[in-house]
Amino acid sequence: MTTMTLKELSKQLGKIDFCMFNTTGGSATINSRPMSNNGDVEYDGDSWFFSYEDTRKVREIESESVVSLTFTAPPSLLGKPGIFIAVDGNASLIRDKAQFEAHWVSDLDRWFPQGIDTPGIVLIKVSARNIEYWDGEDNGRIALGGTSASDGGAV
């Protein structure tokens, strides 16, 4: 039974820097790579990632927008198990500098030395359809398809 709300789950996602970002490749393959969400997770289930345009993941998103993200957090110092989160969603590619600026954090300068003016930069928005979680004590699924994300409640 789901007891965690979307708002609570978003707070958990905001604390986990890296995920495995999974796309569909040719010949029914799944391709995975680590990506940082830079803590940029909105309460409506959206996650944001910067990338270079000329990458396999961008080509795969252009071909098939369905993606998945998997996050994990380590156990707490008091021994409570960490949380595992799986996000099933749709990816879209954004090339708008105003959006770049809205989601930019200074840590990105390491990979994109000219900031939002770095040639070939693109913003990937992943809009969650379903989020599943497990934390050793609770597990559940929050379905965002067909529900109002502003309700913030579990489905």
Side-chain angles (χ1 to χ4, degrees), residues 4-74 82-135 141-155:
M4 196 175 289
T5 66
L6 180 59
K7 185 174 180 176
E8 293 167 333
L9 196 55
S10 291
K11 283 184 181 181
Q12 293 289 328
L13 284 169
K15 295 176 190 175
I16 304 171
D17 188 8
F18 281 90
C19 71
M20 291 303 288
F21 188 113
N22 309 293
T23 54
T24 303
S27 304
T29 60
I30 303 295
N31 295 314
S32 302
R33 77 279 296 154
M35 296 284 290
S36 173
N37 67 10
N38 304 297
D40 194 358
V41 179
E42 295 181 356
Y43 290 119
D44 62 2
D46 292 338
S47 298
W48 304 86
F49 304 89
F50 281 92
S51 177
Y52 281 100
E53 182 90 32
D54 188 25
T55 61
R56 181 174 65 183
K57 76 179 147 300
V58 169
R59 289 189 297 276
E60 290 171 349
I61 290 168
E62 289 174 332
S63 177
E64 174 57 64
S65 66
V66 174
V67 300
S68 68
L69 311 172
T70 55
F71 298 84
T72 185
I83 190 167
F84 298 88
I85 301 170
V87 177
D88 165 41
N90 289 310
S92 56
L93 302 171
I94 299 169
R95 295 170 177 91
D96 175 23
K97 283 193 180 186
Q99 287 290 320
F100 293 176
E101 195 169 320
H103 297 283
W104 193 261
V105 295
S106 61
D107 291 344
L108 291 166
D109 293 335
R110 175 179 179 194
W111 290 281
F112 306 100
Q114 296 175 30
I116 65 170
D117 294 317
T118 301
I121 194 172
V122 66
L123 181 61
I124 302 170
K125 176 183 177 183
V126 176
S127 300
R129 295 184 307 188
N130 296 292
I131 304 173
E132 294 186 73
Y133 66 90
W134 308 264
D135 71 358
R141 180 173 191 257
I142 298 174
L144 299 176
T147 63
S148 172
S150 64
D151 291 344
V155 175

Report yes if the side chains of Arg56 and Arg33 come closer than 4.5 Å at any heavy-atom pair, otherwise no. yes
Should the pair Phe21 and Phe49 be assigned to parallel (<30°), tilted (30 to 60°) or perpendicular (>60°) ring geometry? perpendicular
Hey, are the side chains of Asn38 and Trp48 touching, using non-hydrogen atoms and a 4.5 Å cut-off? no
Closest non-hydrogen contact found for Leu6 with Ile142 is N-CD1, 3.7 Å
When you check the side-chain N and O atoms of Ser127 and Asp46, is any donor under 3.5 Å from an acceptor? yes
Would you mind telling me which of Asn130, Leu144, Ile131 makes a side chain to side chain contact (heavy atoms under 4.5 Å, CB included) with Val87? Ile131
Does CD in Glu62 sit with more than 12 non-hydrogen atoms of other residues, nucleotides or ligands closer than 6.0 Å? yes
Quick one, Thr70 and Asn22 - any side-chain contact, counting heavy atoms below 4.5 Å? yes
Does the side chain of Thr72 come within less than 4.5 Å of Ile83's, by heavy atoms? no
Kindly check if the number of other-residue, nucleotide or ligand heavy atoms within 6.0 Å of CG (Asp54) is above 12? no
Got Ser47 and Leu69 here, is their nearest side-chain heavy-atom distance under 4.5 Å? yes
Any side-chain donor-acceptor pair under 3.5 Å between Asn31 and Thr23? no
4.5 Å side-chain heavy-atom contact, Trp111 and Ile121: no
Non-hydrogen side-chain atoms of Glu132 and Asp88 separated by less than 4.5 Å: no
Donor-acceptor pair, distance only, cut-off 3.5 Å: does the side chain of Tyr133 make one with the backbone of Met4? yes
More than 12 heavy atoms of other groups within 6.0 Å of Arg95 CZ: yes
Return the CD1 to OG distance between Ile124 and Ser65, rounded to the nearest 0.5 Å. 12.0 Å
Validation row: Leu123, Asp96 side chains within 4.5 angstrom (heavy atoms): no
